[in-house]
Amino acid sequence: MFRTQCSLDDRVGMYSTLSGEVEMCIEHYKGEDKMPSELRHPIQGRMLVNVPSAPCQQDEACSAYQMGFCGGGPQTSSGKLLRVPDYCSSSQHYCTCMAAIQPCGTKGYFTFGFKPKEVLSRCEGDDCEETISIEIPYWPVMRMGLLSGGCQQVQKCTLENVQIWIEHECEERNLFSPLDPSATIWRELQHELDVIPDVSFGFFWPSTISESVSRTGSAAKTLFFGFMLCASLCLLASGYTTQMKTVDLPSLVIPIIGVEFNTMRSWFPPIGLILLSAVPMVPASQMHDFPGVLLTSVHLVGAQFCFVVYLVCEGMALIDRENAREMRENNRSEWCVRFGLFLTGSIAMLLFVNSWAFLAVFGGGETTPYLGTFPDWGYSDFYKTIHTGETFLLRPAEGTWQTLKMISYAAELIVSLSILSSMLMIWFFNHRLPVDKPQLHARTVMCRGKSDPEYQDS
């Protein structure tokens, strides 16, 4: 929530009224743009994107999109299309509509010049005749107080903002007279500020918890790594799989591979926690090479160790007759509570896998905000990758597509909370094996089953 509401990297412009009507817009990735002193001129730098859900043969079929036209051409050796005149008019060629999206203008600024004698109530000396120029941003960045979360926000520039900046410039030249509120230059400046385009902002929402903590050096990533590592060490040190009666499965071995369920429950989730925290997941928008694919693959393996293995082992523990009898004898509600958490986690896991896979398969791609298969479901996240490999978010998802991302994120969060609650319930009911009970039968053995003669003789 902090990132979506406070971070300027995740809260970006989506619609602008620069051209006199509300239009879709994008954040400019090239930094600040210097504009003419007259703000009435439209911002240049529109970005051309394809609309994968709108096949066409004529430009008239693309009139519903911003500066839309029908574009296409043969694919080059680099994998990109080179537009060719009259290429789309042939029924043998497949073309889609193209749209030009304008920048929102939030990173634009203009230069304003003044003389101190024009703005100060009293001014004497040669410095009063000197022309001073300051750069006035359309949407200056403001940092809120600590009690407000220390958020960074962009606010439309006002006359009061400019007056403060002018006052500071004069103070640096040892001109400490107050500003003259009746100066005619303020009316001229206000006229310039009135035509700054209005912009409505949206927020980026990650589809997974891993994506939300993938940013290198962020507070979320550092805290995530620390707590996950602590959880892994605590699980390894607890030995709860053989110390708790209602989780112990001493005689149950996985067929073929010959690994006990106790072994899986003891080692796989802690290893998965370490992999999840230490190996970052590379977002799809930044996955440009094999190392990125490898990192994400290892991260996903860690997720299966942590989530799927635990849920499978917990399900086997609940259907075990000996464990069920122990739970009924000590506290009848334990089985119901743990089964409810197991069922909740399993359903949420299925929902997460399906929603995340749906988002990955049916999006229009990171290079266009338009969706491919379901164009009426809003817009997807739109990125721009420059030649240095750096990726910028130009426009976040919205509509049903953003809702699907929230569902995917919430489902993974529910799985995590269900597993955590399940462990807390096991600790709460806390039925340990008797001290005088032989422990050999509960020992975890890797790659060896109970029928092994050497194991039985020991």
Side-chain angles (χ1 to χ4, degrees), residues 1 3-4 10 52-53 202-215 218 220-221 224 228 268-269 272-273 275-312 315 341-383 385 391 393 395-420:
M1 292 300 295
R3 281 182 55 181
T4 58
D10 297 301
S53 61
F203 57 86
F204 170 80
W205 192 276
S207 56
T208 66
I209 296 176
S210 300
E211 188 178 3
S212 68
V213 297
S214 62
R215 190 168 296 165
S218 64
K221 180 178 179 61
F224 181 76
M228 293 285 273
F268 280 38
L273 289 173
L275 291 177
L276 284 175
S277 59
V279 182
M281 176 181 181
V282 180
S285 60
Q286 303 175 22
M287 197 181 303
H288 308 304
D289 50 22
F290 177 75
V293 176
L294 182 61
L295 283 173
T296 301
S297 300
V298 174
H299 185 90
L300 293 176
V301 170
Q304 308 315 307
F305 283 6
C306 184
F307 296 150
V308 177
V309 169
Y310 181 87
L311 290 172
V312 170
L341 292 172
F342 162 76
L343 187 62
T344 301
S346 301
I347 294 175
M349 188 66 191
L350 290 174
L351 179 61
F352 166 67
V353 170
N354 284 278
S355 57
W356 184 78
F358 187 91
L359 289 168
V361 173
F362 294 105
E366 289 79 22
T367 59
T368 177
Y370 294 97
L371 297 174
T373 310
F374 303 94
D376 297 331
W377 286 22
Y379 301 95
S380 63
D381 297 312
F382 180 28
Y383 295 91
T385 301
T391 300
L393 175 67
R395 199 174 189 279
E398 64 173 313
T400 305
W401 203 253
Q402 187 187 60
T403 303
L404 281 174
K405 295 186 68 179
M406 291 182 172
I407 291 174
S408 174
Y409 184 93
E412 187 182 16
L413 181 61
I414 292 173
V415 176
S416 304
L417 293 177
S418 299
I419 293 176
L420 178 61

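For clarity, every value in this text was computed on a predicted model and none was experimentally measured. Throughout, numbering of the chain's residues begins at 1 and tracks the sequence.
The side chain to side chain contact (heavy atoms under 4.5 Å, CB included) search around S416 returns I209, F307, not counting sequence neighbours. Take L294 and apply the side chain to side chain contact (heavy atoms under 4.5 Å, CB included) test, not counting sequence neighbours, and it matches F290, V298. Residues passing the side chain to side chain contact (heavy atoms under 4.5 Å, CB included) test with V282, sequence neighbours excluded: Q286, M287, L295, T296. In this structure, the side chain to side chain donor-acceptor pair (under 3.5 Å) partners of Y310, at least two apart in sequence or on a different chain, are R265, S422.
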Could you go through residues 396-410 and list every donor-acceptor pair under 3.5 Å that involves a side-chain atom there, pairing it with any protein atom two or more places apart or in another chain?
residue, atom, partner, partner atom, Å
E398, OE1, Y15, OH, 3.3
E398, OE2, Y15, OH, 2.8
E398, OE2, R395, NH1, 3.0
E398, OE2, R395, NH2, 2.8
Q402, NE2, F203, O, 3.1
Q402, NE2, A397, O, 3.3
T403, OG1, G399, O, 3.2
K405, NZ, W205, O, 2.8
K405, NZ, D381, OD2, 2.3
S408, OG, S207, O, 2.7

Please table the atom pairs, donor to acceptor, closer than 3.5 Å between any side-chain atom in residues 349-365 and protein atoms at least two apart or in another chain.
residue, atom, partner, partner atom, Å
N354, ND2, L350, O, 2.6
S355, OG, L351, O, 2.8
S355, OG, F352, O, 3.1

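Summarising the geometry, atom CD1 belonging to I414 is positioned 12.5 Å from atom CD1 belonging to I419; distances are rounded to the nearest 0.5 Å. Atom CG of L275 sits about 9.5 Å away from atom NE2 of H299, to the nearest 0.5 Å. Remark: T208 OG1 to L413 CG distance equals 11.5 Å, nearest 0.5 Å. From S380, atom OG reaches atom OH of Y370 across 11.0 Å, with rounding to the nearest 0.5 Å. Within the model, atoms CE of M281 and CD of E211 stand 6.5 Å from one another, a figure rounded to the nearest 0.5 Å. The structure places OG of S218 at 11.0 Å from CZ of F224, a figure rounded to the nearest 0.5 Å.
Between C306 and L273 the shortest heavy-atom distance is SG-CD2, 3.5 Å. Heavy atoms only, all atoms of each residue included: S418 and T344 are closest at OG-CG2, 3.6 Å. Shortest non-hydrogen contact noted between S277 and M228 is CB-CB, 3.5 Å.
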